[in-house]
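See below for the structure under consideration.
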Amino acid sequence: MDLDNLAAVAQAMVADNKGLLAADESTGTITKRFDTINVESTEDSRRDYRELLFRAAGIGEYISGVILYDETIRQSAADGTRFVDLMAKQGIIPGIKVDAGAKPLAGSDNETVTEGLDGLRDRVKEYVDLGAKFAKWRAVIKIGDEMPTGYAIHANAHALARYAKICQEGGLVPIVEPEVLMDGDHDIHNCQMITEETLNCVFGELYAQEVALEGMILKPNMVISGLDAKNRADFNKVADETVAALMRCVPAAVPGIMFLSGGQSEIDATMHLNVMNTNYKNLPWKLSYSYGRALQASALKAWLGDSGKVKLAQGALMLRASLNSAACAAEYKGESTQ
Ligand code: 5MM
């Protein structure tokens with residue numbers, strides 16, 4: 001394992017005021033996103049949409065890396081330029097989702113375990129040859145009646161660590177993504193307890209499986225009220241509880257924490273990141289973003305599958321990326337919702 005190289009890539013991913021664009025929607029998920037704008041999901045429409053994201057002029061100023069899906073890392077733009085080469089021109093590091101999705105967990109009615117370990121070593125080799133420098137694996141933890149079970153947390157943490165070790169051995173920086181979902185009416189305290197239990201279990205497994213913390217990135221949920229909760233916690237409370245949970249559970253050797261947005265609105269995701277970086281200086285790790293929906297939602301709405309609206313959509317993406325970059329620097333000034 002070349003730890004110096006892994007650590008250098010991880011540091012580049014959390015370069016000052018930069019974050020990641022999560023564009024690794026599997027075909028089912030991107031189809032759902034396209035359904036909301038009445039665009040048919042085909043190989044070409046997915047290519048056109050991703051091309052507009054990666055070609056947005058100057059996006060590399062705010063985005064250090066893009067997480068790709070298997071189809072996308074093999075695709076080329078309409079003019080034949082490989083997507084990974086387009087990214088290189090923008091100074092963007094290509095990454096790849098390597099998990100095979102959250103699948104039903106044996107012996108549990110409603111919980112999942114993320115699959116994809118079989119054959120992973122060979123797939124890592126292939127992705128390195130295709131130009132990937134980092135990888136991503138997302139585990140899903142649900143809060144609900146008698147959920148999560150310790151069993152589900154442990155099964156997912158064990159798989160995350162196995163994935164991370166295989167990636168590091170093969171030369172990819174693993175993004176470790178244990179997502180405690182926002183779905184439900186639970187309060188922020190409940191989310192904080194489950195997030196801490198999950199992170200403690202994940203870091204226990206990473207330690208047991210000898211994953212080098214300097215050569216990985218953590219992509220967690222923020223500690224936040226459930227989407228259907230009464231009296232949802234405000235921005236300051238989310239920032240306080242999130243930083244407290246991370247301080248309790250995440251070793252200082254981890255270079256960066258790049259949050260998922262998890263269903264927050266674009267503005268909420270930017271605000272929360274800004275408040276954390278404003279109220280908490282000198283944390284042991286960088287706090288940045290690896291947003292999917294919170295970077296793409298308005299770009300997708302602006303595009304509508306219309307080639308005449310590519311510039312509009314790129315403008316919407318650039319706006320979100322620049323505002324999240326400002327939030328990394330604690331310089332986001334808020335925005336009108338009109
Ligand atoms: C972009 O969506 C990613 C892929 O999801 P599926 O495997 O379900 O298709 C997802 O893992 C994403 O990278 C993270 O959840 C962060 O995205 P959000 O939208 O939560 O910021």
Side-chain angles (χ1 to χ4, degrees), residues 13 19-36 41 46 49-50 53-54 62-73 93-104 112-116 120 123 132 134-143 156 159-160 163-164 173-184 191 195 198 217-224 226-227 238 242 256-273 287-301 316-317 320-321 323-324 327-328:
M13 291 164 72
L20 302 178
L21 167 63
D24 58 313
E25 298 88 354
S26 53
T27 305
T29 301
I30 195 75
T31 300
K32 277 190 216 150
R33 305 273 187 267
F34 281 10
D35 285 348
T36 66
S41 174
R46 295 191 290 271
Y49 175 62
R50 265 85 182 233
L53 300 178
F54 309 153
Y62 311 119
I63 299 290
S64 57
V66 176
I67 315 173
L68 301 167
Y69 180 55
D70 181 79
E71 175 185 80
T72 324
I73 199 171
I93 310 168
I96 181 74
K97 183 232 292 294
V98 300
D99 67 65
K103 302 288 159 59
T112 59
V113 64
T114 301
E115 296 189 351
L120 181 56
R123 288 193 292 123
F134 65 90
K136 193 201 89 172
W137 178 290
R138 170 173 170 259
V140 178
I141 304 296
K142 292 182 199 167
I143 299 181
N156 276 291
L160 271 168
Y163 136 82
V173 170
I175 296 178
V176 172
E177 182 180 358
E179 176 173 5
V180 177
L181 294 183
M182 279 174 80
D183 300 348
C191 179
T195 300
T198 301
I217 294 289
L218 179 69
K219 176 168 172 167
N221 54 283
M222 294 179 194
V223 173
I224 198 165
L227 281 169
V238 170
T242 302
I257 293 175
M258 306 183 87
F259 293 104
L260 58 91
S261 55
Q264 299 179 52
S265 70
E266 289 179 321
I267 293 178
D268 282 4
T270 308
M271 269 301 284
H272 284 136
L273 182 61
L287 295 185
S288 177
Y289 57 96
S290 173
Y291 295 159
R293 287 162 286 180
L295 275 172
Q296 296 183 53
S298 47
L300 194 66
K301 265 194 216 150
L317 172 69
R320 288 323 319 161
L323 294 174
N324 284 304
C328 289

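Read the numbers this way: they start at 1 and go in the same order the structure lists the ligands and their atoms.
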Of all protein heavy atoms, the one nearest atom 17 (O) of ligand 1 is Gly292 N, 3.6 Å
When distances are taken from atom 1 (C) of ligand 1, the protein heavy atom at minimum range is Asp24 OD1, 3.4 Å
Open item on the list: We want to know whether Ser298 and Arg320 form a side-chain donor-acceptor pair, criterion being a heavy-atom distance below 3.5 angstrom.
Closed with: no
Numbered in order shown, the ligand 1 atoms found under 4.0 Å of a heavy atom of Ala22 are 1 (C), 13 (O)
If you compare Gln296, Lys97, Lys32 by their heavy atoms, the one closest to atom 5 (O) of ligand 1 turns out to be Lys97
- Message: Is it true that Thr270 and Asn324 share a donor-acceptor pair across their side chains at a distance under 3.5 Å?
- Response: yes
### pair Ile93-Leu20: side-chain heavy atoms closer than 4.5 Å
no
- prompt: Counting only N and O atoms by type, is there a donor-acceptor contact under 3.5 Å from the side chain of Ser290 to the main-chain atoms of Phe259?
  reply: no
A student checking ligand 1 against Ser26 at a 4.0 Å heavy-atom cut-off should list atoms 6 (P), 7 (O), 9 (O)
Arg33, any N or O under 3.5 Å of ligand 1 N or O = no
If we number the atoms of ligand 1 from 1 as shown, the ones under 4.0 Å from a heavy atom of Glu179 are 15 (O)
Under 4.0 Å from one or more heavy atoms of Thr29, ligand 1 contributes atoms 6 (P), 8 (O), 9 (O)
re atom 15 (O) of ligand 1, the protein heavy-atom contact at minimum distance is Glu177 OE2, 3.3 Å
| Does any donor atom in the side chain of Tyr49 or Gln296 lie under 3.5 Å from an acceptor atom in the other side chain? | yes
Closest to atom 13 (O) of ligand 1 by heavy-atom distance, out of Lys136, Arg138, Gln264, is Lys136
I'd like to check Thr72 versus Phe54 (side-chain heavy atoms, cut-off strictly below 4.5 Å). Are they in contact? yes
* **Ala294 near ligand 1 by a heavy-atom separation under 4.0 Å** => no
Quick note on ligand 1: atoms under 4.0 Å from a heavy atom of Arg293 include exactly 18 (P), 19 (O), 20 (O), 21 (O)
Do any N or O atoms from the side chain of Asp99 and from the backbone of Thr114 form a donor-acceptor pair under 3.5 angstrom?
no
Between Pro178 and the options Ile141, Leu218, Thr195, Val140, the side-chain contact (heavy atoms from CB on, under 4.5 Å) test singles out Leu218
of all protein heavy atoms, closest to atom 18 (P) of ligand 1 is Ser261 OG, 3.3 Å
Here the atoms of ligand 1 under 4.0 Å from any heavy atom belonging to Glu25 are 1 (C), 2 (O), 4 (C), 9 (O)
If we number the atoms of ligand 1 from 1 as shown, the ones under 4.0 Å from a heavy atom of Tyr291 are 21 (O)
If we number the atoms of ligand 1 from 1 as shown, the ones under 4.0 Å from a heavy atom of Leu260 are 16 (C), 21 (O)
**Asked** Looking at ligand 1, does any of its N/O atoms fall within less than 3.5 Å of an N/O of Gly262?
**Response** yes
Just by distance, with hydrogens left out, do Thr112 and Lys103 show a side-chain donor and acceptor under 3.5 Å apart? no
Inset, instruction - Would you please determine whether Ile67 falls within less than 4.0 Å of ligand 1 on a heavy-atom basis? - result: no
*Find out whether Ser41 and Arg46 are in side-chain contact, i.e. whether some heavy atom of one side chain is under 4.5 Å from a heavy atom of the other.*
yes
Notebook entry, point to check: Side-chain contact, heavy-atom cut-off 4.5 Å: Glu25 with Thr31?
Noted result: no
shortest atom 16 (C) of ligand 1-to-protein heavy-atom contact is with Lys219 NZ, 3.4 Å
Residues passing the salt bridge (charged side-chain N to carboxylate O under 4.0 Å, His left out) test with Arg123, sequence neighbours excluded, are none
